[in-house]
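One structure below.
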Amino acid sequence: MQLLRFGPAGKEKPGVAIDGQHYDVSPLGEDYDEKFFGTGGLERLKGFVERNKPSLDKVPAGARIGSPIARPSKIVCIGLNYADHAKESGAKIPEEPILFMKSTTSLVGPNDDVMIPKNSVKTDWEVELAVIIGAKASYVSEADAMKHVAGYCLHNDVSEREFQLERGGTWDKGKGCDTFAPLGPYVVTPDEIKDINNVRLWLSVNGKMMQDGSTSDLIFKVPFLISYLSQFMTLLPGDVISTGTPKGVGLGFNPPIYLKPGDVMELGIDGMGVSKQKVVAWKA
């Protein structure tokens with residue numbers, strides 16, 4: 001299945017995509033949140049769609065597409081998880097995953113504007129595969145890790161490099177600004193992806209291809225990451241794990257290239273759809 005949410009920000013309704021058409025499943029009476037994923041919601045949704053498919057309303061043409069999940073308890077990210085990205089960043093390949101968090105208030109829809117933060121001059125892009133947790137995970141083994149996956153998403157891990165790298169402390173301050181986590185358009189269930197360790201992901205800026213990689217190059221694969229993270233924190237249904245970005249970020253160019261108002265980012269992952277964000281100046 002392909003799950004989506006549509007409607008004005010803060011008032012999204014749940015939907016599904018079937019053969020490229022979006023349908024409203026709000027009569028199910030559930031949103032795509034922790035309770036939904038943690039209590040067998042995917043199976044209830046599947047049954048609801050099978051019973052009601054002929055009578056489902058289509059999502060209105062032009063409707064805004066929101067984040068495909070409601071605000072999660074946390075967005076956990078992995079840094080430097082592609083060797084080529086570590087090299088372009090001037091960093092050593094990590095011996096263990098590098099962890100940081102994005103604020104849940106950074107979450108926006110896949111085609112919403114990305115706002116450059118106040119006083120920012122080094123806002124950057126990062127296309128990433130995101131994993132959506134489907135069942136509570138605490139101290140899980142790598143062998144059992146995939147039992148805890150609800151699905152996968154396209155994610156742009158927008159980053160402010162000065163805040164992240166030049167202001168001291170952790171990376172989080174450059175990662176969690178408002179609009180810095182465009183997610184979606186879909187949560188794609190695992191049965192729809194033949195091999196999660198071999199999917200293409202890409203990103204362009206103003207029509208120029210900047211990133212073009214594959215999850216086959218991940219240093220730490222999805223099952224390991226779930227197991228590893230669960231040793232340090234409980235992962236709850238609906239939580240997001242963003243798995244890292246391949247080479248081609250603005251920081252890696254000489255001289256670096258950073259986003260400015262009016263720029264347009266387009267990105268995609270095979271089988272998970274495409275998103276597009278316009279960059280706008282900070283506004284209160």
Side-chain angles (χ1 to χ4, degrees), residues 74-108 113-131 154-183 201-206 208-213 215 217-220 225 228-229 232-233 240-265 267 277-283:
K74 50 190 170 291
I75 303 171
V76 189
C77 302
I78 310 300
L80 305 176
N81 200 21
Y82 288 77
D84 54 7
H85 174 55
K87 182 178 179 180
E88 72 173 350
S89 301
K92 293 192 299 184
I93 294 175
E95 295 181 5
E96 294 192 34
I98 294 173
L99 312 183
F100 62 90
M101 309 287 277
K102 289 182 85 82
S103 165
T104 58
T105 54
S106 66
L107 188 67
V108 291
D113 291 343
V114 165
M115 184 173 65
I116 293 179
K118 187 177 182 179
N119 301 319
S120 165
V121 294
K122 296 183 179 180
T123 294
D124 202 350
W125 58 84
E126 293 191 10
V127 62
E128 304 202 2
L129 167 71
V131 180
L154 171 64
H155 176 223
N156 190 354
D157 174 22
V158 185
S159 308
E160 211 299 339
R161 301 303 188 188
E162 181 185 4
F163 299 175
Q164 175 191 358
L165 301 172
E166 301 174 32
R167 299 288 295 271
T170 67
W171 289 6
D172 302 53
K173 66 183 72 172
K175 295 286 190 172
C177 304
D178 290 352
T179 75
F180 268 27
L183 193 69
L201 64 170
W202 57 270
L203 181 145
S204 68
V205 179
N206 301 328
K208 181 179 180 180
M209 190 68 71
M210 296 297 195
Q211 295 184 273
D212 193 352
T215 57
D217 295 325
L218 282 167
I219 297 169
F220 302 108
L225 290 175
Y228 183 87
L229 288 169
F232 303 100
M233 64 189 79
V240 179
I241 302 172
S242 199
T243 59
T245 198
K247 72 175 180 179
V249 300
L251 174 68
F253 287 87
N254 185 18
I257 302 170
Y258 294 117
L259 294 166
K260 60 186 184 302
D263 286 345
V264 176
M265 296 175 284
L267 55 151
Q277 299 103 40
K278 180 180 179 181
V279 180
V280 298
W282 179 83
K283 52 180 180 271

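On a predicted model such as this, the values are computed, not experimentally measured, just so you know.
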I want to check something: taking the side chain as every heavy atom from C-beta on, are [X] and [Y] in contact at a cut-off of under 4.5 Å?
X	Y	answer
N156	F180	no
V108	Q277	no
C77	W171	no
L183	I75	no
E88	L251	no

Could you grab the distance from atom [atom1] of [X] to atom [atom2] of [Y], nearest 0.5 Å is fine?
X	Y	atom1	atom2	value
E95	F220	CD	CZ	8.5 Å
T243	Y82	OG1	OH	5.0 Å
L80	K87	CG	NZ	14.5 Å
D178	S103	CG	OG	7.5 Å
S120	W282	OG	CH2	12.5 Å
H85	I93	NE2	CD1	12.0 Å

Result of checking I78, T170, D157 against F100 for side-chain contact (heavy atoms from CB on, under 4.5 Å): D157
Do you know which of L203, L218, L201, D217 makes side-chain contact (heavy atoms from CB on, under 4.5 Å) with P246? L201
[Y] backbone acceptor or donor facing [X] side chain under 3.5 Å:
X	Y	value
E160	P117	no
T123	I116	no
W125	G248	yes
E128	H155	no

Can you tell me if K173 has over 12 outside heavy atoms packed within less than 6.0 Å of its NZ? yes
Atom of D172, atom of M101 and distance for their closest heavy-atom approach: OD2-N, 3.2 Å
Minimum heavy-atom distance F163-G174, with the two atoms named: CB-CA, 3.6 Å
Contacts satisfying salt bridge (Lys or Arg N to Asp or Glu O under 4.0 Å) that involve residues 113-126 (not counting sequence neighbours) are K122-E166, D124-R161, E126-R161, E126-K175
Counting only pairs under 3.5 Å, give me each side-chain donor-acceptor contact of residues 252-264, with atom names and distances, residues two or more places apart or in other chains.
| unit_1 | atom_1 | unit_2 | atom_2 | d |
| --- | --- | --- | --- | --- |
| K260 | NZ | D263 | OD1 | 3.0 |
| D263 | OD1 | N206 | ND2 | 2.9 |
| D263 | OD2 | K260 | N | 2.9 |

Take T179 and V280, measure what side chain to side chain contact (heavy atoms under 4.5 Å, CB included) needs, and give me the verdict at the end. CA-CA 10 Å; T179 75; V280 298; over 6 Å; no
